[in-house]
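In what follows, a single structure is set out as structure tokens and then discussed.
All figures in this text were calculated on a predicted structure; none of them were measured in a lab. In what follows, chains are A, B, ... by sequence order, proteins preceding strands, each numbered from 1.
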2 protein chains.
Amino acid sequence: MERTPFISAANVSERLAQPPALAISTVIFALRPSESSGRPTLWLPLVRRIREPFEGMWALPGGPLTQSQSLQDAAATNLADTTGLTPNYLEQLYAFGGLHRSPSQRVVSIVYWAMVQPTEAALARESDNVRWFRADGLAELAFDHNQIVDYALWRLRNKMAYGSIAYHLLGETFTLAQVREVYEAVLNRTLDPANFRRQLKQTAHIEATDEYLQGGAHRPPRLYRYTGDPAAENSGAPPSSL
Amino acid sequence: MERTPFISAANVSERLAQPPALAISTVIFALRPSESSGRPTLWLPLVRRIREPFEGMWALPGGPLTQSQSLQDAAATNLADTTGLTPNYLEQLYAFGGLHRSPSQRVVSIVYWAMVQPTEAALARESDNVRWFRADGLAELAFDHNQIVDYALWRLRNKMAYGSIAYHLLGETFTLAQVREVYEAVLNRTLDPANFRRQLKQTAHIEATDEYLQGGAHRPPRLYRYTGDPAAENSGAPPSSL
DNA sequence: CTCAGTTGTAGTCATATTGACCTTAACTAA
DNA sequence: TTAGTTAAGGTCAATATGACTACAACTGAG
């Protein structure tokens, strides 16, 4: 909104005061094999703070909102700057605006969350100031970013049920076992392969290809392709022009 | 976030520029009997704009974010100023930040949605500049507020399935038929009374009281009370301190 | 005082969905 | 050739859902 319905003295004086700073941050999820088990698990890239407050600590990639960028554009820019990747999925998570999130000035952060397929080049981008971490069991982060990541994980797990999100962590074609592994990585529990297959065929929009994934010491699984319409993808978010 | 990971010339110059204006608006839902059918339907209060842009048109109540208020506090203040009511439910809807939402300057609006029980006094507050409208079939509003209301309705309908929200539109005790009427008003379709009752008993957290609602020309219905734990109420939102 | 009208409440039944489990198919490595 | 492994399809009981019927409990008209 652009004005108060009832003009009061407080409103007028506040309008002249400095407004809170406005920043955009992005929680970027990708699937990587765990070092220990080798199974796919959720990872996210963080950047190291190079100035106070919280100098030296890890934080979500982000920056101030510029006049010329829409919110989603700003989030996509964060993502490209940090990982060099373009997102398969990008959606607004929440606007955090507590009074004491940053020790110095009042900052309102509009946070997006994204899902990407990491390329070799993107993973090799790691440096002293950019590093990938497992999404669960993170160390202490700068600001309230631990709580933001936890909330993003919660939202991700809830959205899984609706479908379609899992495919944004996978490539063009995939086996049903790979889809199941995505679900298992996000939901953090094992799923019955047979029942999972049946459920996918009922609800999800996938089609079988004629190809099979060769190379394993077992029966080769069929490859599938996602056929969900892109319109329904961002179901849950208003048009990005707003 | 509070800084960009990679400092570029563009970032430095942008940081010195004027940041976008930050406003809070609130979509306030309440249940009122329809004039035609008499059945409960969804209404919301709007305020008339008294200056350009969109002078004279109806808009969501709201105003600029002050330094001393959290986002949720600002939304609650909107609500109290407009209706004189305190909300039964208040949750962040979305942050709208498109480049051309307001013709003059760039405005980012963080929008909340609320559910209230209107009192007689609150409804009598109507004036030339504050009026209640049916939520569906609204006339053209200022800014992008039609799209915002549509999105709020979409979110409300989706949240209904999870339960607990309906009770925030009702009083302390209620009949099962009243709960059903809330669902019917929000979902805009009729529901089988017997099946609805069964489903509520399975999932919802309600308990029967010993009282019955007298006065109708029919068998008096039993009154129930909501027993859902307040912790799970705002399930779907991060702690309000953030 | 009786009965028609209305709404609350409980139950039935066919169908769909879910979770646990079993069986067979198809491949590799030893 | 065989043991090991994963793919893929099926069965079966338990549970949930939607359409519908039957009965209960009240008011108000006559």
Side-chain angles (χ1 to χ4, degrees), chain A residues 33 37-40 157-158 160-164 166-167 170-171 173-226, chain B residues 33 37-40 157-158 160-164 166-167 170-171 173-226:
Chain A
S37 71
R39 302 184 68 77
R157 295 194 167 111
N158 272 53
M160 286 300 279
Y162 288 75
S164 91
Y167 306 106
L170 295 169
T173 60
F174 44 79
T175 69
L176 296 186
Q178 286 172 331
V179 181
R180 179 166 48 81
E181 281 177 330
V182 175
Y183 273 77
E184 289 178 339
V186 173
L187 300 178
N188 212 28
R189 63 192 180 92
T190 61
L191 299 167
D192 183 281
N195 293 338
F196 185 79
R197 156 187 313 274
R198 182 181 53 188
Q199 211 161 330
L200 272 195
K201 298 224 168 158
Q202 281 174 353
T203 62
H205 304 147
I206 56 175
E207 66 180 7
T209 71
D210 291 338
E211 295 167 87
Y212 293 82
L213 182 66
Q214 306 291 341
H218 50 75
R219 172 172 174 179
R222 184 186 282 272
L223 287 170
Y224 290 79
R225 175 179 292 111
Y226 180 59
Chain B
S37 71
R39 303 183 69 78
R157 296 195 167 111
N158 272 53
M160 287 300 280
Y162 288 75
S164 89
Y167 306 106
L170 295 169
T173 59
F174 43 80
T175 69
L176 295 186
Q178 286 173 331
V179 182
R180 179 168 47 82
E181 282 177 330
V182 175
Y183 274 76
E184 289 178 338
V186 172
L187 300 178
N188 212 27
R189 64 192 180 93
T190 61
L191 300 168
D192 183 281
N195 291 339
F196 184 80
R197 156 188 313 275
R198 181 180 54 188
Q199 211 161 330
L200 272 195
K201 297 223 168 158
Q202 282 172 353
T203 63
H205 305 145
I206 55 175
E207 66 180 9
T209 70
D210 291 338
E211 293 166 272
Y212 294 80
L213 183 65
Q214 308 291 343
H218 50 75
R219 172 172 173 178
R222 184 185 283 269
L223 288 170
Y224 290 80
R225 175 180 292 111
Y226 180 59

For this session: Find out whether B:Arg180 and B:Pro193 are in side-chain contact, i.e. whether some heavy atom of one side chain is under 4.5 Å from a heavy atom of the other.
Result: yes
Problem set entry | 5'-most by nearest nucleotide on DNA chain C - A:Ala217 or B:Pro193 | B:Pro193
Exercise. Does the side chain of A:Arg222 come within less than 4.5 Å of A:Leu176's, by heavy atoms?
Worked result: no
Exercise. Can you tell me if A:Thr209 uses its side chain to pair, donor with acceptor, with the backbone of A:Leu223 under 3.5 Å?
Worked result: yes
Please write out the pairs of protein N or O atoms and N or O atoms of nucleotides 19-21 of chain C separated by less than 3.5 Å, giving the distance to one decimal.
{"unit_1": "C:dG19", "atom_1": "N7", "unit_2": "A:Arg198", "atom_2": "NH2", "d": "2.8"}
{"unit_1": "C:dG19", "atom_1": "O6", "unit_2": "A:Arg198", "atom_2": "NH1", "d": "3.2"}
{"unit_1": "C:dA20", "atom_1": "N7", "unit_2": "A:Asn195", "atom_2": "ND2", "d": "2.9"}
{"unit_1": "C:dA20", "atom_1": "N6", "unit_2": "A:Asn195", "atom_2": "OD1", "d": "3.2"}

Seminar exercise, completed: Separation of C:dT9 atom C1' from B:Arg219 atom CZ, nearest Å, is 5 Å
Exercise. Does some side-chain heavy atom of A:Pro220 sit less than 4.5 Å from a side-chain heavy atom of A:Leu213?
Worked result: no
Problem set entry | Mutual orientation of the aromatic rings belonging to A:Tyr183 and A:Phe196 [parallel < 30°, tilted 30-60°, perpendicular > 60°] | perpendicular
For this session: Identify the 5'-most and 3'-most nucleotides of DNA chain D with at least one atom closer than 4.0 Å to a non-hydrogen atom of chain B.
Result: D:dT17 to D:dT27
Problem set entry | Ring centers of A:Tyr167, A:Phe174 separated by less than 6.0 Å | yes
Exercise. Separation of B:Leu176 atom CG from C:dT9 atom C1', in whole Å?
Worked result: 9 Å
Exercise. Using a cut-off of 4.0 Å on non-hydrogen atoms, how would the nucleic acid contact of A:Gln202 be classed: base, sugar-phosphate, or nothing?
Worked result: sugar-phosphate
For this session: Could you check how far CG of B:Leu200 sits from C1' of C:dA10, rounded to whole Å?
Result: 15 Å
For this session: Kindly state each residue pair satisfying side chain to side chain donor-acceptor pair (under 3.5 Å) with at least one member in residues 194-204 of chain A, sequence neighbours excluded.
Result: A:Asn195-A:Arg198
For this session: Nearest whole angstrom, please: distance from the P of C:dT7 to the CZ of B:Arg197.
Result: 14 Å
Exercise. For A:Arg157, does the CZ atom sit with more than 12 other heavy atoms under 6.0 Å from it, leaving out its own atoms?
Worked result: yes
For this session: Given side chain to side chain contact (heavy atoms under 4.5 Å, CB included), test A:Glu184 with A:Arg189 step by step and report yes or no.
Result: CA-CA 5 Å; A:Glu184 289 178 339; A:Arg189 63 192 180 92; over 6 Å; no
Problem set entry | Rounded interatomic separation in angstrom, taking CD from B:Gln178 and C1' from C:dG8 | 13 Å
Seminar exercise, completed: Assert: residue with more 5' nearest nucleotide on DNA chain C, out of B:His218 and A:Pro220, is B:His218
